[in-house]
Structure formats: structure tokens, C-alpha cells
Amino acid sequence: MASEGNKPPPPPEKEQGRNSLRHSLLGPSLLKAGQDKVDQKKVGEIIYNASKGSKFFKHEEKRDEQLTKRIEIILRRKKHLESLDLSPQIRKVDEEIAALEASRDLSQIIVHVDCDAFYASVEELDRPELKVVPMAVGGGVLTTCNYKAREFGVRSGMAGYIAKQLCPQLVFLPLSFPKYTAKAEEVREVLVKYDGRYEAASVDEAFLNITGYLEDHPDMTPDQVVEQIRREVLEHTKISVSAGIAPNARLAKVASNQNKPNGQFRIPNDRESVMSFTCTLPVRKVNGVGRVFERELSAVGVTTWGDVHPQRAILSKLFSEKAWSFLLNCYLGLGRTSIHPVAEYERKSLGTESTFKDLSGAGPLREKLRATAAELEKDLKKTGLAGRTVTVKVKLHTYQVHSRQKALHRAVFSKEDLYLHALPLLQELEGEFQPLKIRLMGLRITGLVSTRKGVGRIGDFFKRDAQVEEGEAEWEVWPEESLDGLLPSGHLSQEVEDEEQLAIEEATKVSLNVPGGGGGTNTIPDQPPPSPPQMAAKEEKWECPICARSLPADDAVFNEHVDFCLSRETIREVVQESAGAEVVVVKEPERKRKEAKARLGKPGSKGGGMDRYFLKLQ
DNA sequence: GCGGATCAC
DNA sequence: TATGGTGATCCGC
């Protein structure tokens, strides 16, 4: 077993790279069911021809090239590792494997239930005539489609206009979420009878632990129980579901895809069955392996989980600790065996974003930011949450995505606060990408605290330090923070690295993001160290933070104008929101303004003036 | 803590 | 004419 690398080498990455973009354009659902009748070559041609030349396509090409480069680096590192004596590493890994084996739990029967083409199926219940025609739900990008549509090569995640080219008679339906959630509830009414602590993984998926149910019904096999669940769901809701039965959640999830649609598959609870299943299982079938990771693995010769073991020493050194641990767990067919209600998970962020026709110009961008802030406020109020970190996200017209975030001293939730704290971040982006022309804007808030007293673990946990005040007079801490937000915070300098040389030695460990992976530690928020006020603007003009008008760089004129704007808009809104609280606008002390001016001329963001005011709620 | 990336649904 | 929205995690600074 000590012989590594006896396998024939994988095809050169260049070969794989050539087809990878086309492969990725074909979408992630290629492996899924319903594709047997499709002439994939022809579909690929259509998609390729319909896509090429578009900005989206050009962006995909860029990303693809970038990945190809990254893979070359990985391969170089691999080559280097192959020249070393790895027998100590093999021993180390084998100990790791033994430890994992010792922890293997085959005592539970876990079921993953997955509704077939859920949204499309729900729509078909409303309009049965749609069953026999190709139909898709969603507009610009398809959310899902029925199996009839899949025969044409139409898939979820596909651009609507491309689907139309593949299948001109395709029927498009808009999304109706209330309908889907209502139907999902009906499905869950059945599931809860088999596991009172079932776990809703998404609107149309759930995990059950039926170990207890089986103990109560010793005459039934797991397969029989699941057949009964599926039958009952179908009778009760008219929705067909597929299911996987396995010793853990990871395998159950894979298994539910095996006999889709309207089928089930069991991986028995013994080690041999598990290992022989994973051995030939393509890596991509497992949750957590996406397009990128699949290509990286393929480049180093891993296409099925069985490929991990012969290369275990090299892989353990090639990948990050987390990624390697993931690989090993998948190879061994291990996964979580505890299933619990989703209510027991804590939300960590809340955000909103939207796509629109290309947008640019200070005024329109601010208008959009206001609207986005209002949208987020709505959701925050609904969930009774506020948060300490604000993130602004934009997608440029080129499809490049960028974000800027800022941790605040206290939690915020009102659209005014959101806007005021997000604006400097937007200004940063405006400075960096001139002129800022975007097709998407998003606002997200993290570091959540509950605004509802007495309920919710988050609120209880943070109560002492960070719970938002309710109706309590408080100085807004906006100005200092705004100043921080405006500056290109030190490490923005993009040093172009000589990747040729840094490549092999430096740890370019391959990364991994698996859902439900390691845990971040929650720390009680405290005051960040004070940072010196700065401004980043080199324009002769100053920009009004409220209406975005360009103003002469003159204190008196500028202040007067902003005063006017503030009294006109912000104050009115703040007053409305805080029900009678009086708002006083206070000029910032002269000293700070001088400090700020001293920093003028730094390249990057422009604008600024926002930071000259305190808002005080009384 | 920040920003970019990846992933799932 | 022209490719989504929400939330999470990981990595390397």
C-alpha cells in the first residue's frame, strides 16, 4: 500500500481546461437525472453560440483562465511533492484514517427527502395542462423546470433566453413563493410523523432520522418506511419525492439523487457497502464539491472518491487542512448523524441585493442605495434583528463583484443608519472603479443582535454590550466611522505578485468551503481601537452626501447646502421613524475638519463631507 | 476585521 | 435582446 502514484497520469490540464468553460456553461445539472435523451453536443453548441460575445461570457472566460493558472500552480506543487519521500506522511495519514474509522457511527438510519422539480410540480398542480408541455419557473434565470423541458436540454440556473433557443415553445411562469412554502408545509406535515425532530434543509428538502421510528416498528425495513413516507407525501400533497437512506446525512443526500425522480436508494449501514459506494462515486456528486473544486481535483487525478486513498500522502500536503479533512471524510463515507430542527441554528447575516439595467452616476447610485437600505430595513424589522457590520456589494457591468464592509460600534437597523454607514463604502468603490457602472447592488448586515427583548439566544448573549437601544437618547457614532470608511484602509494596494516564483514554495493551499464546516467563534463586540480620521478625495469639488450634487470645495457653501439637504430629507425620515424624537444636527468641531483636510489628495475614493456632522437623537 | 471566492439551493 | 437572490464558509491577508 506504500506505493503512491502507480495510477496512469490524468490527462494534461490543458486538455481539460479547453473544455472546462463549455462544460461550465452547460451548467451544474449535467450529472443529474433527466438528461439521458438530450443530445448534449448539440445543446452545448447552442448554448455556446448563444453566449459567446456577451459580457457575461467574457467574464466567465476570464474566471476560467484564472482557474487554469491556479491549477498549473497546484500541479507544480504536486510535482515537487512527488519528488519527496512521503512514507512518514503516509503513516501519519493512516493514523488519521484509523482515528476516523474508530469514530464511525453506523447506528443511525438517516433519510434525505427531496421533492422532484418542486416549484414546477407545484405549478403543475395548479395547471395540470402544463404537465405535458415543457415549462420553466423563473424569468431572466430559470429557477427550475419540469422534466418535459429537461428533454430539450433546459435546466435550472440557465438564462431564460438561452432556454428559449433550446426550446422555443417553453412556457415561462413567474415565481410564487407563498405557494411553494404552503405546499412545503403540507409535505412537512407528513415528515413530522416519522421524525418529530426532522430538519428542513431548504424549502423542498429535509433530513429525517428514522432510527426511532424503526425501533417502534420492528416489522418494517428502512426501505419500507421510506416507501411509505413517499407514498403518504404523494397522497397528501400530490407531490412526488425522491429519497436517500444511509448511515449519515452526507450519504443520504447523495443517495436521494441516485433514483430521481420519484425513486429511492439505500446505502446499507455496514462499512463494506459504504466504501464500495464511495469508491466509484464521482467527487462532484457530493455536496461541497462545485465546478472549481471538481476541476482542481480532476487535475490532480481525483475524479472519484476512491482516487483519494492511493494519493493520500500527497493530497494531505497539497490541500489546506480543512479541505484535506473534507476529502478524507468523503472517501471514508463519513458524515453527520445528528439531525435537528432548523430553528436551532443561528442566523449569521441578513442582506438584500438586486440586479438592474446598468446604472452609473452619483445621484442614481445613491438613490439605489437608499432603496436598498429601505429594503433591508424591512427585513430587519420583520426578523427583529440589527447588526454591527455593514457590507456594500456591487457587481460591475463587467460582472466583476466587489464588496466593502465596515464594522460599527453598535448595531443598526434603520434605513437611515444603513444608508449613512453604507454611503462611505459606496464612495470607496466609486473612487476605485471610475466611473462606477454597476448591474447589481447589495447590502448585507452581520454581527446580528436581536432587537426583541427576552427572546432569542443572540439577543440574550449580546444584551449587555450590543443590544440596540430602544427609545433611548443616544449619540450617533456616525462621524468617526464615516471617516474610517472613506479611506482606502491601508492594505488596498494591489501588489502584483510574481506567481511564477512564489508558486511552488509559498503555501497556495487549495481551499474549500463546505457548508456546515468548522465554526467561527463569536466574540462579544467591543470598541475597536480609534483610528485617525482621514479623507480620501482629490477633487476640487465636494459632493453632497445626500443629493450627490457636486459643490465648490468651500466650507461655508458646502455646509449650508448639506444643512439644507439634511433638514429636507434625512431629518424628516429620522423623526418619522423615532416617533417624536427631536433631531439636532451638530457641526463637527473645527479640529476634526482640519485633520480630515490634511489627508486630502490620497488617490482612491472621492467625495466626503458626510463626515462633518453628528446626528443627535434626543 | 476585510475582501475575494466558492458553494448550495 | 442579453445570465438571480440569500446565506454560509474558507482563505490569505
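Each chain gets a letter, A, B and so on, in the order its sequence line appears, and its residues count up from 1.
Residue-to-nucleotide contacts include no donor-acceptor pair under 3.5 Å from the side chain of A:S349 to the base of C:dT6.
If A:R439 and A:T352 are placed on DNA chain C by their nearest nucleotide, the residue sitting closer to the 5' end is A:R439. Each of A:R63 and A:A201 lies near DNA chain B, and the nucleotide nearest A:R63 is the one positioned closer to the 5' end. Of the two residues contacting DNA chain B, namely A:V401 and A:G290, the nearest-nucleotide position lying further toward the 5' end is that of A:V401.
For the pair A:E375 CD and C:dT6 P, the interatomic distance rounds to 8 Å; values are reported in whole Å. One can place CZ of A:R155 at 18 Å from C1' of C:dG4, the figure rounded to the nearest angstrom. Rounded to whole Å, the distance from NZ on A:K395 to P on C:dG5 is 7 Å. The interatomic distance linking A:R284 (CZ) with B:dA8 (P) rounds to 6 Å, in whole Å. In this entry the distance linking CG of A:L67 with C1' of B:dT6 reads 11 Å, nearest Å. As rounded to whole Å, 11 Å separates atom C1' of B:dG4 from atom CZ of A:F433. Taking atom CD1 on A:I438 and atom P on C:dG5, their separation rounds to 12 Å, with Å as the unit. Between the CG atom of A:D379 and the C1' atom of C:dG7 there is a distance of 13 Å, rounded to whole Å.
The phosphate of B:dG3 (OP1 or OP2) has no side-chain N or O of A:S403 nearer than 4.0 angstrom. Between A:R404 and the phosphate of B:dC2, there is no side-chain N or O to OP1/OP2 separation shorter than 4.0 Å. Contact annotation: A:H402 side-chain N/O to B:dG3 OP1/OP2 distance is not under 4.0 Å. Distances shorter than 4.0 Å separate none of the side-chain N or O atoms of A:S354 from OP1 or OP2 on C:dG4. Under 4.0 angstrom from either OP1 or OP2 of B:dA5 there lies no side-chain N or O belonging to A:R70. The phosphate of C:dG7 has OP1 or OP2 within less than 4.0 Å of a side-chain N or O from A:R347.
Evaluated for a side chain to side chain contact (heavy atoms under 4.5 Å, CB included) with A:I47, the options A:R155, A:K52, A:K42 yield exactly one hit, A:R155. A:Y119 pairs in a side chain to side chain contact (heavy atoms under 4.5 Å, CB included) with only one of the listed residues (A:V203, A:N146, A:L173, A:L142), which is A:V203.
Among the nucleotides C:dG5, B:dC2, C:dT3, the one closest to the side chain of A:F56 is C:dT3. Of the candidate nucleotides B:dC9, C:dT3, B:dG3, B:dC9 has the atom lying nearest to any side-chain atom of A:D204. When each of B:dC2, C:dT3, B:dC7 is scored by its nearest atom to the side-chain atoms of A:T389, the top-ranked nucleotide is B:dC2. Among C:dT3, B:dG4, C:dG5, the nucleotide with an atom closest to any side-chain atom of A:S51 is C:dT3. The side chain of A:K348 sits closest to C:dA8 out of C:dT3, B:dA8, C:dA8. Closest to the side chain of A:S54, from the set C:dG7, C:dC11, C:dA2, is C:dA2. Minimum atom distance to the side chain of A:A407 is reached by B:dG1, of the listed B:dG1, B:dC7, B:dA8. Comparing B:dC9, B:dC2, B:dG3 against the side chain of A:E428 picks out B:dG3 as the nearest. Of all nucleotides listed (B:dA8, B:dC2, C:dT6), C:dT6 comes nearest to the side chain of A:K393.
Within the nucleic acid shown, A:Q66 comes within 4.0 Å of sugar-phosphate atoms alone, with no base atom in reach, counting heavy atoms only. Using a 4.0 Å heavy-atom criterion, one finds that A:K357 contacts no nucleic acid atom at all. Contact annotation for A:L350: backbone-only contact, meaning every heavy-atom pair under 4.0 Å involves sugar-phosphate atoms and none involves a base. Nucleic acid contact for A:Y399: sugar-phosphate only, since backbone atoms but no base atoms lie under 4.0 Å from a heavy atom of the residue. Counting non-hydrogen atoms under 4.0 angstrom, A:E205 reaches the backbone sugars and phosphates but no base.
Residue A:G153 comes nearest to A:L166 through the heavy atom pair O-CD1, 3.7 Å, listed as atom of the first residue, atom of the second, then distance.
Residue pairs meeting the salt bridge (charged side-chain N to carboxylate O under 4.0 Å, His left out) criterion with at least one member in residues 389-400 of chain A, sequence neighbours excluded: A:E353-A:K393.
Residues A:Y198 and A:H340 keep their aromatic ring centres 6.0 Å or farther apart. The aromatic ring centroids of A:F57 and A:Y48 lie less than 6.0 Å from each other.
As rounded to the nearest Å, C:dG4 and B:dC7 have C1' atoms that lie 15 Å from one another.
Residues passing the side-chain hydrogen bond (donor to acceptor under 3.5 Å, both in side chains) test with A:E61: none are found, sequence neighbours excluded.
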